[in-house]
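Structure first, commentary second.
Throughout, a chain's letter reflects where its sequence line sits, starting with A, and its residues are numbered from 1.
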2 protein chains.
Amino acid sequence: MSTLTPTARAILGLVALEARTGYDIKRISDSSTRFFWGASYGQIYPELRRLEKAGLVEARDEPRGRVRRRVYSITPAGQQAVREWLLDAETAFEIRDEGLLRLFFRDLLEQDEVLDLVRSRRTWFELTAAYFREIC
Amino acid sequence: MSTLTPTARAILGLVALEARTGYDIKRISDSSTRFFWGASYGQIYPELRRLEKAGLVEARDEPRGRVRRRVYSITPAGQQAVREWLLDAETAFEIRDEGLLRLFFRDLLEQDEVLDLVRSRRTWFELTAAYFREIC
DNA sequence: TTCTTCATGTAAATAGTTACATGATTCT
DNA sequence: AGAATCATGTAACTATTTACATGAAGAA
């Protein structure tokens, strides 16, 4: 079984939720998964073709007028792959959090500056949450 | 001012906490910052040279016997760069969290499976916290 | 003597971003 | 007519991991 990258899984998951074009996936991920796992066109289009080759998604052409358009949908194999990923309790899951990294280095600051640091993280959380609520 | 990558900042921060060799940085980061921002030798050694070139760290040779050994320490410019980073309240800070990504796709599971998913995240948190406490 | 740790590095591969090119359709 | 959106893609660059090479020093 080919091991997918987290980005591949994010894309697969979005297709599993609903059949979509690469353009859709970019738009949706920009307003949802972006907050914990982003994806760019440079990933999305090549990855969709890899997933198709692996039999996890299938594509059909659904042009709108003269504009070509490929809609991807999940296959049974893809559905199983997503489920396996979501239910896997064993493997370690990647985390990167620059905000936590900054908190780790708090000793490099004066006491009142540490407060500023914590406050700025809090503000950032609040803004992100508000923005998330707005676009969802 | 050259814009540093988060990895460069992680390395700079570790040097700022204490003068260290590239080997030290790898060891320390493996038992601390790894949980929110990892670094590999392939990043560390080239990055230390870049930071040195940028004047943010300085190196001196401190061989042990016949073993060559370069100890890096922070410069005033480096100290300022770290402080600016830690106190910057404006810029967005990168997050990647595969665990959150999985929770996002919960609708692809049955109700009882969602519970398993949440439980596995919880277990993972507890194990990570326990391990962190152990090595710190 | 053999295993582990200290120590520095690189080559190759994979992952991911940024910026661009292209063109149709829809909205103002 | 002009701007925004829909739609697909790639080239070049940057970031990151993995696996290897090398060898001294110290511990068992």
**OP:** Rounded off to whole Å, could you give me the CD-to-P distance for the Q43(A) and dA19(C) pair?
**Re:** 16 Å

Original post:
Taking for each residue the nucleotide of DNA chain C with the nearest heavy atom, is it P46(B) or R27(B) whose nucleotide lies nearer the 5' end?
Top reply: R27(B)

**OP:** Please give the angle, rounded to 10 degrees, between the axes at the start and the end of the helix from dT1(C)-dA28(D) to dT28(C)-dA1(D), where five pairs define each axis.
**Re:** 30°

Subject >> Length of the CZ-C1' vector between R96(A) and dG16(C), whole Å >> reply: 12 Å

**OP:** Using only side-chain N and O atoms of T7(A), determine if any of them is under 4.0 Å from OP1 or OP2 of dA15(C).
**Re:** no

Subject >> Audit row: Y41(A), I25(A), side-chain contact (heavy atoms from CB on, under 4.5 Å) steps and yes/no >> reply: CA-CA 9 Å; Y41(A) 284 129; I25(A) 288 169; over 6 Å; no

Subject >> T75(A) side-chain N/O to G55(A) backbone N/O, donor-acceptor pair under 3.5 Å >> reply: yes

**OP:** Using whole Å, report how far CZ of R60(B) lies from P of dA7(C).
**Re:** 13 Å

**OP:** For A39(A) and for R49(B), find the nucleotide of DNA chain C with the closest heavy atom, then tell me which residue's nucleotide is more 5'.
**Re:** R49(B)

Subject >> Residue-level proximity of residues 13-22 of chain B to DNA chain C when a heavy atom falls under 4.0 Å >> reply: T21(B), G22(B)

Original post:
Which whole-number value in Å describes the distance from E94(A) CD to dT14(C) C1'?
Top reply: 12 Å

**OP:** Measure from CD on E47(A) to P on dG16(C) and round the result to the nearest Å.
**Re:** 9 Å

**OP:** Could you tell me which non-hydrogen atom of L101(A) sits nearest to which non-hydrogen atom of A10(B), and how far apart they are?
**Re:** CD2-CB, 3.8 Å

Original post:
So where does chain B start and stop touching DNA chain D, 5' to 3', when the test is distance under 4.0 Å to a non-hydrogen atom?
Top reply: dA15(D) to dA25(D)

Original post:
Going by heavy atoms in the side chains, are T33(A) and S29(A) under 4.5 Å from each other?
Top reply: yes

**OP:** Carefully, step by step, assess F93(B) and D88(B) under the rule side-chain contact (heavy atoms from CB on, under 4.5 Å).
**Re:** CA-CA 10 Å; F93(B) 295 100; D88(B) 174 10; 4.2 Å; yes

Look for any protein N or O under 3.5 Å of an N or O in nucleotides 25-28 of chain C and output each such pair with its distance, or none.
unit_1	atom_1	unit_2	atom_2	d
dT25(C)	OP1	R66(A)	N	3.0

Subject >> salt_bridge(E113(B), R106(B)) N-O dist < 4.0 Å >> reply: no

Subject >> Pairs where residues 93-105 of chain B contributes a residue and the test side chain to side chain donor-acceptor pair (under 3.5 Å) is met, not counting sequence neighbours >> reply: R9(A)-E98(B), W85(A)-E98(B), D97(B)-R121(B), R102(B)-S120(B)

Subject >> Test item: R20(B) and L14(B) side chains (from C-beta on) under 4.5 Å apart, heavy atoms >> reply: yes

**OP:** Describe the nucleic acid contact of T5(A) in one word from base, sugar-phosphate, nothing, applying a heavy-atom distance below 4.0 Å.
**Re:** sugar-phosphate

Original post:
Just how far, in rounded Å, is P of dA15(C) from CD1 of I11(A)?
Top reply: 12 Å

Original post:
Just wondering, more than 12 heavy atoms not from Q80(B) lying within 6.0 Å of its CD?
Top reply: no

**OP:** Not counting sequence neighbours, which residues clear side chain to side chain contact (heavy atoms under 4.5 Å, CB included) with E52(A)? List them please.
**Re:** V57(A), A59(A), R70(A), Y72(A)

Subject >> Option passing side chain to side chain donor-acceptor pair (under 3.5 Å) with D30(B) (candidates R34(B), R27(B), K26(B)) >> reply: K26(B)

Subject >> Verdict with supporting geometry, I95(B) and F35(A), side-chain contact (heavy atoms from CB on, under 4.5 Å) >> reply: CA-CA 7 Å; I95(B) 284 199; F35(A) 295 103; over 6 Å; no

Original post:
Between L48(B) and V15(B), which heavy-atom pair has the shortest distance, and what is it?
Top reply: CD2-CG2, 4.2 Å

Subject >> Whether over 12 other heavy atoms sit under 6.0 Å from Q111(A) CD >> reply: no

**OP:** Output yes when at least one side-chain N/O atom of R68(B) is less than 4.0 Å from OP1 or OP2 of dA7(C), else no.
**Re:** no

Subject >> Distance, rounded to the nearest Å, where R34(A) contributes CZ and dG16(C) contributes P >> reply: 17 Å

